[in-house]
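Computed over heavy atoms, backbone and side chain alike; hydrogens, waters and symmetry mates excluded. These figures come from a predicted structure and were not determined experimentally. So that the names make sense, note that chain A is the first sequence line, chain B the second, and so on, each numbered from 1.
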Amino acid sequence: MTALSITATLRATSRAWRRMGAIALACALLFAAGTAMPALAQDAGDEDPLEDINRAVYEFNRVLDGLLLKPAAMIYRGLLPEEVRDGVRNVLDNLQAPVIAANDLMQGETRRAQVTLERFAINTTVGGLGIFDVAKQHGRYKHAEDFGQTLAVWGVGGGPYLYLPVLGPSNPRDLAGLVVDSFVIDPWTHIARANDADWFTYTRFGLNILDTRARTIEMLDDIERNQIDPYSFIRTTSRQRRDNEILNGRPAAAGR
Amino acid sequence: MRPRAISRVLLILATVLMLPMMQPATAQTPKALVETLGDKAIRQLTGNVARPEREARFRSLLNDGFDVHAIGRFTLGRYWHQANPTQQAEYLKLFEKFIVQAYAARFAEYSGEQFRVVGERADGNVVVVQSEVFKPGNPPAKVDWRVQGHKIVDVIVEGISMAITQRSEFAAVIQRGGGNIDALLTALRQKTGGA
């Protein structure tokens with residue numbers, strides 16, 4: 001099972017590599033245009049040339065969230081005990097391992113790639129198809145990695161801030177990264193498609209959103225309650241968090 | 001010989017007793033400052049404390065450990081110089097109130113996390129005290145404390161600076177209010193329930 005999955009991962013990765021050149025070039029062109037936008041009278045890191053559209057999407061998401069996503073997340077949390085939801089989260093995280101490992105490698109982070117692959121091997125087998133995070137008990141903690149971060153490490157700028165329907169804070173680079181991760185690198189999507197089982201991909205996507213929302217109920221309520229402009233609060237914190245993820249938590253070279 | 005021995009004992013005793021007095025509170029190392037503050041915060045702010053009491057305790061810890069004035073100035077950014085002295089004074093008052101209200105409540109949700117200082121490094125004229133907040137068996141969250149002149153001027157949680165975040169939010173409110181500082185003062189007044 002594991003060997004098969006790793007082979008699939010490697011195959012997907014090498015396939016991904018071939019397409020990568022063209023995509024990276026397209027992205028680079030797109031962001032060169034993005035960064036050429038006129039500088040606005042804002043502090044560094046607060047640029048938001050599409051603010052009007054972004055705020056409209058933000059309001060749209062708030063309505064959608066209030067009507068659908070948050071109630072669904074609360075029902076999900078109310079119906080399933082924490083242990084079961086943790087199992088769901090662990091399975092979803094485990095399925096993400098091939099994408100994380102591929103991006104670890106593309107960033108030259110061999111140590112972290114090894115941790116990801118060891119986690120995948122341990123949790124898929126001993127952890128019962130990823131339900132239990134056994135690897136954590138052996139000091140192999142999970143970390144996130146995606147193709148948006150890989151592009152950033154390769155020197156591609158983010159471009160203008162984007163607030164996406166349902167998905168929230170992003171930018172053209174990270175959105176392109178998400179597309180590459182989901183449709184090029186991820187082996188399960190290909191396997192599901194080859195077996196006429198696209199329901200698997202949709203279920204996984206839906207569960208990911210539902211579980212993430214269920215885990216952020218208190219945090220988002222807190223932001224809505226305590227901040228004076230939640231939109232800009234989310235904009236700056238998601239940007240800072242992203243910068244920190246790209247650096248893998250290492251301090252930036254220069255002070256601020 | 002005996003009187004001499006006694007006087008030596010007295011001298012040592014006097015020195016030991018004097019030591020704490022000779023070390024004024026401000027001479028605390030940045031590390032000790034953060035350690036003490038973290039311990040006090042967990043002891044005094046978590047658990048079953050009524051909201052007004054929690055906020056009072058938080059306010060006292062905030063002013064003991066943080067340079068609230070400097071942080072307030074930083075978070076107003078370039079608008080500080082555009083504000084007149086009355087606006088500056090009201091802003092600083094509202095800023096403190098806003099911080100107390102927003103952050104004190106977050107200690108109510110504390111659920112047994114532990115806190116430890118793991119190191120420090122220099123960054124220009126600032127000492128960055130590095131700490132970790134963690135639950136046993138889980139990866140720690142990195143929290144950096146920027147200390148300048150015996151006071152904390154910023155807290156950075158997993159790469160997210162509280163001061164930069166607040167500055168960014170305040171700037172957005174002012175810009176959307178047409179560049180007028182009163183827009184921020186009004187919003188802060190509303191959020192904190194009146195000046």
Side-chain angles (χ1 to χ4, degrees), chain A residues 40-48 51-52 54-55 58 82 86 115 119 133-144 161 217-219 221-256, chain B residues 74-75 77-79 94-95 98-106 108-109 111 121-126 128 130 134 137-142 144 146 154 156-177 179 183-192:
Chain A
L40 295 171
Q42 279 170 328
D43 292 309
D46 287 344
E47 298 89 358
D48 189 357
E51 181 161 355
D52 290 344
N54 284 337
R55 283 202 186 250
Y58 178 82
E82 195 180 353
D86 284 349
V115 170
R119 281 179 53 80
D133 190 351
V134 184
K136 188 168 92 171
Q137 290 151 27
H138 297 278
R140 288 169 182 83
Y141 296 130
K142 70 173 174 190
H143 64 260
Y161 179 69
I217 289 173
E218 278 74 22
M219 193 183 74
D221 283 354
D222 178 311
I223 292 170
E224 287 280 337
R225 189 172 51 241
N226 288 315
Q227 301 303 138
I228 49 177
D229 182 25
Y231 171 84
S232 66
F233 182 87
I234 289 170
R235 180 177 64 199
T236 180
T237 48
S238 58
R239 252 182 189 158
Q240 293 180 61
R241 196 197 58 206
R242 197 69 187 144
D243 289 347
N244 188 55
E245 281 174 354
I246 290 164
L247 293 165
N248 289 340
R250 289 182 286 256
R256 58 152 204 263
Chain B
F74 175 84
T75 45
R78 59 211 164 85
Y79 297 106
L94 288 169
F95 172 72
F98 170 73
I99 293 296
V100 169
Q101 228 172 300
Y103 287 82
R106 287 166 188 164
E109 274 124 57
S111 56
R121 63 187 161 82
D123 183 4
N125 58 345
V126 170
V128 182
Q130 296 155 298
F134 63 101
N138 284 291
K142 281 186 198 170
D144 283 359
R146 293 173 69 87
D154 194 7
I156 297 142
V157 181
E158 291 283 9
I160 301 173
S161 150
M162 297 299 122
I164 290 175
T165 299
Q166 225 42 80
R167 182 180 65 180
S168 180
E169 184 184 29
F170 289 176
V173 173
I174 294 172
Q175 275 156 24
R176 290 175 66 73
L184 175 65
L185 295 179
T186 306
L188 285 174
R189 248 181 254 129
Q190 272 169 8
K191 197 46 106 177
T192 57

Checklist entry - Between B/F98 and A/N226, what is the shortest heavy-atom contact and its length? => result CE1-O, 3.2 Å

Item to check | Separation of B/N138 CG from A/K142 NZ (nearest 0.5 Å) | outcome: 9.5 Å

Checklist entry - Nearest heavy-atom pair of A/E224 and B/K191: which atoms, and what distance? => result O-NZ, 3.8 Å

Checklist entry - Does A/N244 reach the main-chain N or O of B/E158 with its side chain, forming a donor-acceptor pair under 3.5 Å? => result yes

Checklist entry - What closest approach, in Å, do A/Y141 and B/G137 show between heavy atoms, and which atom pair accounts for it? => result CE2-O, 3.8 Å

Item to check | Over all atoms of both residues, closest heavy-atom pair of B/A187 and A/I228 | outcome: O-CG2, 3.9 Å

Next on the checklist: Is A/R55 in contact with chain B via its backbone, its side chain, both, or neither, using a 4.5 Å heavy-atom distance?
Outcome noted: side chain

Checklist entry - Side-chain contact, heavy-atom cut-off 4.5 Å: A/E51 with B/Q175? => result no

Next on the checklist: Is B/D144 in contact with chain A via its backbone, its side chain, both, or neither, using a 4.5 Å heavy-atom distance?
Outcome noted: neither

Checklist entry - Do B/Q166 and A/Q227 have side-chain heavy atoms sitting under 4.5 Å apart? => result yes

Next on the checklist: Just verifying a value: how many Å separate B/I164 CD1 and A/Q240 CD, rounded to the nearest 0.5 Å?
Outcome noted: 5.5 Å

Checklist outcome for this item: Per-residue tally against chain A (heavy atom, under 4.5 Å) across B/A172, B/G179, B/P139, B/G159 peaks at B/P139

Item to check | B/E169 side chain vs A/F233 backbone, donor-acceptor pair below 3.5 Å | outcome: no

